[in-house]
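Below: one structure, written as structure tokens.
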Amino acid sequence: MEFQPLNIYNTLSRQKERFEPLNPPFVGLYVCGPTVYSDVHLGNCRTFISFDLIYRYLLHLGYKVRYVRNITDAGHLEGDRDEGDDKFAKKARLEQLEPMEIVQRYTLGFHDVMRAFNTLPPSIEPTATGHIIEQIEMIKQIISNGYAYEVNGTVYFDVEKYSKEFNYGQLTNRLLEDMIANTRELGGQDEKKGRLDFALWINAKPEHIMRWPSPWGVGFPGWHIECSAMSTKYLGATFDIHGGGMDLAATHHTNEIAQSQACSNVQPCRFWMHTNMLTVNGTRMSKSAGNGFLPGELFTGNHPLLEKGYSPMAVRFFMMQTHYRSTLDFSNEALQAAEKGYQRLMSAVKKLNSVKASDVTSVSLSSIRKNAYDAMNDDFNSPVMVAQLFELVRIINSANDGKEKMTKEDIAEAKSIIQHFVFDIAGLMDDTVSSGDQSVR
RNA sequence: GGUCGCGUGGCCGAGUGGCUAGGCAGAGGUCUGCAAAACCUUGUACAGCAGUUCGAAUCUGCUCGCGACCUCCA
């Protein structure tokens with residue numbers, strides 16, 4: 001099977017590399033999913049929409065992709081590692097609910113939002129709580145390989161030991177000495193041997209509601225181990241692409257690499273892809289900054305920062321107009337511009353059905369498809385791909401006005417380009433009308 | 001302080017040595033009974049300074065400004 005040459009920016013090498021799957025035509029793709037103790041905000045959505053584009057394009061190219069995106073539904077302490085609250089337990093206490101009620105509520109909400117944005121569901125959506133055994137097994141292996149130690153029912157990863165064999169800071173190009181020098185000193189409770197050591201398994205205090213028996217006593221898994229255990233289980237010790245938001249690279253992904261190498265002595269993943277942050281008026285949208293709005297608020301416009309509501313597809317189109325590795329700044333002006341552009345695109349798609357075929361042609365469509373593929377093959381450059389679609393929009397509108405002539409073949413090719421790039425790859429739908437028919441065929 | 005990145009026309013946003021990216025807004029025009037839509041024309045943009053080069057938004061150096069990560073966050 002022949003595949004188009006696809007170049008992907010790899011965080012590991014800090015450059016674009018030719019993408020070749022380990023076992024073509026199969027591709028293993030793992031993306032760090034949401035922690036379901038609160039509503040997803042738009043920044044989260046951007047990451048998942050970016051990887052939806054990537055997933056869709058790989059499928060379009062003919063790869064058999066196994067796309068794994070986890071749900072984090074356990075542990076994940078807030079604040080200093082041993083002093084903080086378990087997020088799920090805390091939320092459950094506040095709302096007088098079982099932790100799994102919290103998980104269920106926000107998982108359903110997450111799925112609703114993902115559906116609204118027309119993202120394809122992953123092939124497997126494993127949960128941390130469903131893979132406690134796998135995580136325990138992995139921790140046992142890491143301990144027996146000598147890269148972790150237990151103190152009072154908590155297991156820590158020994159970063160300094162690991163660093164003698166492997167390059168701990170390779171993903172973000174940092175030196176161990178610098179990382180140590182810049183690590184905040186945690187007061188008091190230092191059971192850890194090294195400052196950079198992180199927990200693989202955490203001893204449960206009485207107030208921790210989510211708890212499982214383990215060889216080290218009752219506790220719960222550290223945050224990073226779930227992704228290592230689940231990606232290994234479903235994609236193998238080494239797989240093709242691991243993705244997530246840029247904010248995860250320095251800590252979460254760095255630790256994932258360390259865990260996997262300490263466990264099986266191989267790099268877990270060949271291509272690390274990181275999507276950039278969504279900002280609001282120039283600063284990062286985040287839970288702690290309090291400048292976030294929820295997808296529902298964006299759709300309805302019911303938020304002080306928003307002048308009006310925007311449809312999920314207009315927002316998705318807006319995201320397609322920016323490269324996934326660039327920050328995307330939300331502002332009313334930018335959203336309105338995107339909404340208009342989206343409507344113009346959809347209007348041309350509809351008009352194509354009323355273009356009358358001519359015996360002769362006055363247009364050339366061949367460069368459009370080629371340029372769109374070239375753009376996507378260059379690290380999924382959707383903005384350039386979208387620009388090509390507007391070239392097609394112009395041609396369709398002109399033909400509809402009788403100023404250009406399209407043959408039956410031209411019209412069929414235009415429909416095919418739209419089907420492939422607008423619907424299949426960009427994942428847009430026409431929500432400018434309430435009709436359920438998304439097909440141009 | 002370390003790491004990564006950014007600064008492009010009114011706004012958003014591609015582009016990594018020479019060839020009009022694109023979208024939105026603005027101006028003029030065509031068409032239309034009017035309007036809308038659409039189409040055509042139109043903008044001599046690349047933070048600043050110096051350098052390399054026949055030629056730089058694009059490479060190099062410096063300066064200024066901004067952001068992200070380094071601590072839970074996609």
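Side chains are part of it too, since the values below use all heavy atoms of this structure and drop only hydrogens, waters and symmetry mates. The sequence lines fix the lettering, A, B, ..., with proteins before strands; numbering per chain opens at 1.
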Within the sub-3.5 Å range, which N or O atoms of nucleotides 42-47 of chain B have a protein N or O partner, and how far apart are they?
none

remark   = To the nearest angstrom, the CE-P distance between A/Met285 and B/G67 comes to 17 Å

query = Who are the ring pair (Phe, Tyr, Trp, His ring centres under 6.0 Å) partners of A/Tyr373, not counting sequence neighbours?
reply = A/His60, A/Phe421

task = For A/Lys403, enumerate each residue passing the salt bridge (charged side-chain N to carboxylate O under 4.0 Å, His left out) test, keeping only those at least two apart in sequence or located in another chain.
result = A/Asp401

B/A14 and B/U8, which share atom name P, separated by this distance in whole Å = 11 Å

task = For B/C24 versus B/C39, give the span between their P atoms, rounded off to a whole number of Å.
result = 9 Å

task = Determine whether A/Ser382 and A/Leu53 make a side-chain contact, defined as any pair of heavy atoms from C-beta on separated by less than 4.5 Å.
result = yes

inquiry  = When you measure from the centre of the six-membered ring of A/Tyr9, is the NZ or CZ of A/Arg325 closer than 6.0 Å and no more than 45° off the axis?
reply    = yes

request  = Pull out every residue in residues 239-247 of chain A that has a heavy atom closer than 4.0 Å to any atom of RNA chain B, ordered by number, or say none.
outcome  = A/Gly244, A/Gly245, A/Asp247

request  = Just say parallel, tilted or perpendicular for the rings of A/Tyr162 and A/Tyr147, cut-offs at 30° and 60°.
outcome  = perpendicular

query = Who passes ring pair (Phe, Tyr, Trp, His ring centres under 6.0 Å) against A/Phe110, sequence neighbours left out?
reply = A/Phe48

query = Should stems be defined as at least three consecutive Watson-Crick or G-U pairs with both distances under 3.5 angstrom, which of them involve RNA chain B?
reply = B:1-7 with B:64-70, B:10-12 with B:22-24, B:26-30 with B:38-42, B:47-51 with B:59-63

Distances under 3.5 Å between protein N/O atoms and the N/O atoms of nucleotides 32-38 of chain B, please, pair by pair.
from: B/A38; atom 1: O3'; to: A/Asn397; atom 2: ND2; distance (Å): 3.0
from: B/A38; atom 1: O2'; to: A/Asp401; atom 2: OD2; distance (Å): 2.8

inquiry  = Quick one: does any side-chain atom of A/Thr154 pair with a main-chain N or O of A/Asn203 as donor and acceptor, under 3.5 Å?
reply    = yes

request  = Please confirm whether the backbone N or O of A/Arg270 pairs with a side-chain atom of A/Asn10, one donor and one acceptor, at under 3.5 Å?
outcome  = yes

message = Test of understanding: with side-chain hydrogen bond (donor to acceptor under 3.5 Å, both in side chains), list the residues that count as partners of A/Arg369, not counting sequence neighbours.
response = A/Glu413, A/Ser416, A/His420

inquiry  = With nearest nucleotide decided by heavy atoms, which residue, A/Ala338 or A/Pro34, maps closer to the 5′ end of RNA chain B?
reply    = A/Ala338

key: A/Phe330 CZ to B/A74 P, straight-line distance once rounded to whole Å   = 17 Å

Whole-Å distance separating the CG atom of A/Leu175 from the C1' atom of B/C70 = 13 Å

inquiry  = Please verify the inter-ring angle class for A/Phe198 with A/Phe157; under 30° counts as parallel, over 60° as perpendicular, anything in between as tilted.
reply    = parallel

message = Distance check needed: B/A21 P versus A/Leu389 CG, whole Å only.
response = 19 Å

key: Same-atom distance (C1') from B/U42 to B/G5, integer angstrom   = 35 Å

key: Closest non-hydrogen atom pair between A/Tyr234 and A/Arg66, with its separation   = O-NH1, 2.7 Å

Nearest-Å distance for atom pair OH/P, residues A/Tyr168 and B/C70 = 12 Å

Rounded distance in Å between the C1' positions of B/G10 and B/A45 = 12 Å

ask   = Any side-chain heavy atom of A/Asn44 within less than 4.5 Å of one from A/Val113?
value = no

request  = Anything under 30° is parallel, anything over 60° is perpendicular, the rest tilted; go ahead and classify A/His242 against A/Tyr30.
outcome  = tilted

remark   = Those residues at least two apart in sequence (or on a different chain) that pass side-chain hydrogen bond (donor to acceptor under 3.5 Å, both in side chains) with A/Asp378 are A/Lys16

request  = Would you kindly give the NE2-to-C1' distance between A/His224 and B/U71, to the nearest whole Å?
outcome  = 11 Å

message = Taking the P atom in each of B/G9 and B/C46, what is the distance between them to the nearest angstrom?
response = 8 Å

Minimum-distance pair of heavy atoms, taken over all atoms of A/Met385 and A/Ala375 = N-CB, 3.7 Å

note = Heavy-atom contacts, protein to nucleotides 3-16 of chain B, under 4.0 Å, summarised as B (base), S (sugar-phosphate only) or - (none) per nt, yield SS------SSSSS-

ask   = A/Asn255 CG to B/U71 P: how many Å, rounded?
value = 11 Å

query = Do A/Glu160 and A/Ile180 have side-chain heavy atoms sitting under 4.5 Å apart?
reply = yes

request  = Return the set of residues passing side-chain hydrogen bond (donor to acceptor under 3.5 Å, both in side chains) with A/Trp201 (not counting sequence neighbours), or none when no residue passes.
outcome  = A/Ser214

message = Give the residues of residues 362-375 of chain A touching RNA chain B, defined as any heavy atom closer than 4.0 Å, sorted by residue number.
response = none

request  = Between B/A57 and B/A47, how far apart are the C1' atoms? Round to whole Å, please.
outcome  = 11 Å

inquiry  = Within the 4.5 Å heavy-atom criterion, are A/Asp379 and A/Tyr324 side-chain neighbours or not?
reply    = yes

Spacing of the C1' atoms in B/G17 and B/G23 (rounded, Å) = 27 Å

message = Between B/U58 and B/G7, how far apart are the two P atoms, rounded to whole Å?
response = 11 Å

ask   = So what does A/Leu278 touch, heavy atoms closer than 4.0 Å: a base, only the sugar-phosphate, or nothing?
value = base

remark   = When rounded to the nearest 0.5 Å, the distance separating CG of A/Leu42 from OG1 of A/Thr47 is 10.5 Å

inquiry  = Nearest whole Å is fine: how far is B/A25 P from A/Lys340 NZ?
reply    = 4 Å

Minimum side-chain heavy-atom gap A/Asn276-A/Leu328 below 4.5 Å = no

